[in-house]
Engineer: 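Please read through the structure below; I'll follow up with questions.
The sequence lines fix the lettering, A, B, ..., with proteins before strands; numbering per chain opens at 1.
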Amino acid sequence: NAGVTQTPKFRVLKTGQSMTLLCAQDMNHEYMYWYRQDPGMGLRLIHYSVGEGTTAKGEVPDGYNVSRLKKQNFLLGLESAAPSQTSVYFCASIAGTTYNEQFFGPGTRLTVL
Amino acid sequence: GNSVTQMEGPVTLSEEAFLTINCTYTATGYPSLFWYVQYPGEGLQLLLKATKADDKGSNKGFEATYRKETTSFHLEKGSVQVSDSAVYFCALMGTGGFKTIFGAGTRLFVKA
């Protein structure tokens with residue numbers, strides 16, 4: 001099992017450009033999450049999904065959109081990137097509320113110039 | 001709402017020293033409690049967990065006990081190694097919930 005994978009690993013964008021980050025998990029997990037990690041701020045939840053076809057806003061959703069068309073994939077989109085979105089992005093998943101350990105991907109380091 | 005507070009870092013120790021990283025929480029009911037570790041350049045990974053009061057989670061020489069009376073889940077290790085240098089996150093998930101609340105993280109440096 002690959003666990004949780006993220007593509008790309010690194011990306012540099014110019015202000016106003018768009019991109020999509022892909023997260024994939026092969027553990028048949030129901031719940032998936034997108035976080036951003038900034039120095040001194042820990043992890044902040046951007047969006048999450050409790051199942052295929054469902055998404056919901058987290059703590060810092062502005063400027064991001066998500067989709068979960070397939071259970072194993074959770075996409076994070078930036079429509080018009082801003083320098084404030086420079087961060088490391090992590091995807092995570094859990095099997096359910098009983099088996100609730102989070103499995104994290106390796107992260108995507110995004111720089112917006 | 002639920003919250004997690006952990007000691008600020010960085011924490012710098014010499015090899016073989018004793019480690020304590022304090023973590024306290026606020027939550028209703030009986031949340032599950034976790035410690036995650038993040039090594040440089042990697043994602044977080046579960047270090048240990050406890051799901052009910054007085055449970056002790058342990059892994060790789062690290063331990064933490066779920067103390068309901070003091071709402072604490074302090075991380076301890078008797079003898080740290082250079083390879084333990086990482087950022088440690090205390091976290092909780094509320095009863096029946098599906099969102100994990102993370103502390104701000106504590107960076108640990110271990111010197112040889």
Engineer: Would you tabulate the side-chain donor-acceptor contacts of residues 26-45 of chain A under 3.5 Å, counting partners in other chains and residues two or more places apart, or write 'none'?
Structural biologist:
{"residue": "Asp26(A)", "atom": "OD1", "partner": "Gly3(A)", "partner atom": "N", "Å": "3.0"}
{"residue": "Asp26(A)", "atom": "OD2", "partner": "Ala2(A)", "partner atom": "N", "Å": "2.7"}
{"residue": "Asn28(A)", "atom": "OD1", "partner": "Lys71(A)", "partner atom": "NZ", "Å": "3.0"}
{"residue": "His29(A)", "atom": "ND1", "partner": "Ser93(A)", "partner atom": "OG", "Å": "2.8"}
{"residue": "Glu30(A)", "atom": "OE2", "partner": "Lys71(A)", "partner atom": "NZ", "Å": "2.8"}
{"residue": "Tyr33(A)", "atom": "OH", "partner": "Phe98(B)", "partner atom": "O", "Å": "2.2"}
{"residue": "Trp34(A)", "atom": "NE1", "partner": "Phe74(A)", "partner atom": "O", "Å": "3.3"}
{"residue": "Tyr35(A)", "atom": "OH", "partner": "Gln102(A)", "partner atom": "OE1", "Å": "3.2"}
{"residue": "Tyr35(A)", "atom": "OH", "partner": "Gln102(A)", "partner atom": "NE2", "Å": "3.1"}
{"residue": "Arg36(A)", "atom": "NE", "partner": "Asp38(A)", "partner atom": "OD2", "Å": "2.9"}
{"residue": "Arg36(A)", "atom": "NH1", "partner": "Tyr64(A)", "partner atom": "OH", "Å": "2.9"}
{"residue": "Arg36(A)", "atom": "NH1", "partner": "Ser84(A)", "partner atom": "O", "Å": "3.2"}
{"residue": "Arg36(A)", "atom": "NH2", "partner": "Asp38(A)", "partner atom": "OD1", "Å": "3.2"}
{"residue": "Arg36(A)", "atom": "NH2", "partner": "Asp38(A)", "partner atom": "OD2", "Å": "3.3"}
{"residue": "Arg36(A)", "atom": "NH2", "partner": "Ser84(A)", "partner atom": "O", "Å": "2.8"}
{"residue": "Gln37(A)", "atom": "OE1", "partner": "Gln38(B)", "partner atom": "NE2", "Å": "3.0"}
{"residue": "Gln37(A)", "atom": "NE2", "partner": "Gln38(B)", "partner atom": "OE1", "Å": "3.0"}
{"residue": "Asp38(A)", "atom": "OD1", "partner": "Ser87(A)", "partner atom": "OG", "Å": "2.8"}
{"residue": "Asp38(A)", "atom": "OD2", "partner": "Arg44(A)", "partner atom": "NH2", "Å": "2.8"}

Engineer: Quick check: under 4.5 Å, non-hydrogen atoms only, which of residues 52-60 of chain A neighbour chain B?
Structural biologist: none
Engineer: Are Phe104(A) and Tyr89(A) linked, directly or through other ILVMFWY residues, by side chains that come within less than 4.5 angstrom of each other?
Structural biologist: no
Engineer: Contact between Phe34(B) and Asn100(A) at the side-chain level, heavy atoms closer than 4.5 Å - yes or no?
Structural biologist: yes
Engineer: What's the spacing between Phe103(A) CZ and Gln45(B) CD if we round to 0.5 Å?
Structural biologist: 11.0 Å
Engineer: Under 4.5 Å, heavy atom to heavy atom, which residues of residues 52-91 of chain B contact chain A?
Structural biologist: Phe89(B)
Engineer: Is it the case that one hydrophobic cluster holds both Leu47(B) and Met7(B), taking links as side-chain heavy atoms less than 4.5 Å apart, direct or via other members?
Structural biologist: yes
Engineer: Could you see if Leu33(B) belongs to whatever hydrophobic cluster contains Leu19(B)? Use Ile, Leu, Val, Met, Phe, Trp, Tyr and a side-chain cutoff under 4.5 Å.
Structural biologist: yes
Engineer: Between Leu92(B) and Tyr36(B), is there a shared hydrophobic cluster once you connect ILVMFWY residues whose side-chain heavy atoms come closer than 4.5 Å?
Structural biologist: no
Engineer: Taking side chain as everything from C-beta outward and backbone as N, CA, C, O, which of these in Val88(A) sits under 4.5 Å from a heavy atom of chain B? Side chain, backbone, both or neither.
Structural biologist: neither
Engineer: Indicate, with yes or no, if Met19(A) and Phe90(A) share a hydrophobic cluster defined by side-chain heavy-atom contacts under 4.5 Å among Ile, Leu, Val, Met, Phe, Trp and Tyr.
Structural biologist: no
Engineer: Looking at Glu79(A), I'd like to know if its CD atom is crowded, meaning that more than 12 non-hydrogen atoms belonging to other residues, nucleotides or ligands lie closer than 6.0 Å.
Structural biologist: no
Engineer: In this structure, are over 12 heavy atoms from other groups packed under 6.0 Å from Glu15(B) atom CD?
Structural biologist: yes
Engineer: Mind checking what makes salt bridge (Lys or Arg N to Asp or Glu O under 4.0 Å) contact with Lys99(B), not counting sequence neighbours?
Structural biologist: none
Engineer: Count the heavy atoms belonging to other residues, nucleotides or ligands that lie under 6.0 Å from OH of Tyr30(B), then report whether that count exceeds 12.
Structural biologist: no
Engineer: At a heavy-atom separation under 4.5 Å, does Thr100(B) approach chain A through its side chain, its backbone, both, or neither?
Structural biologist: both
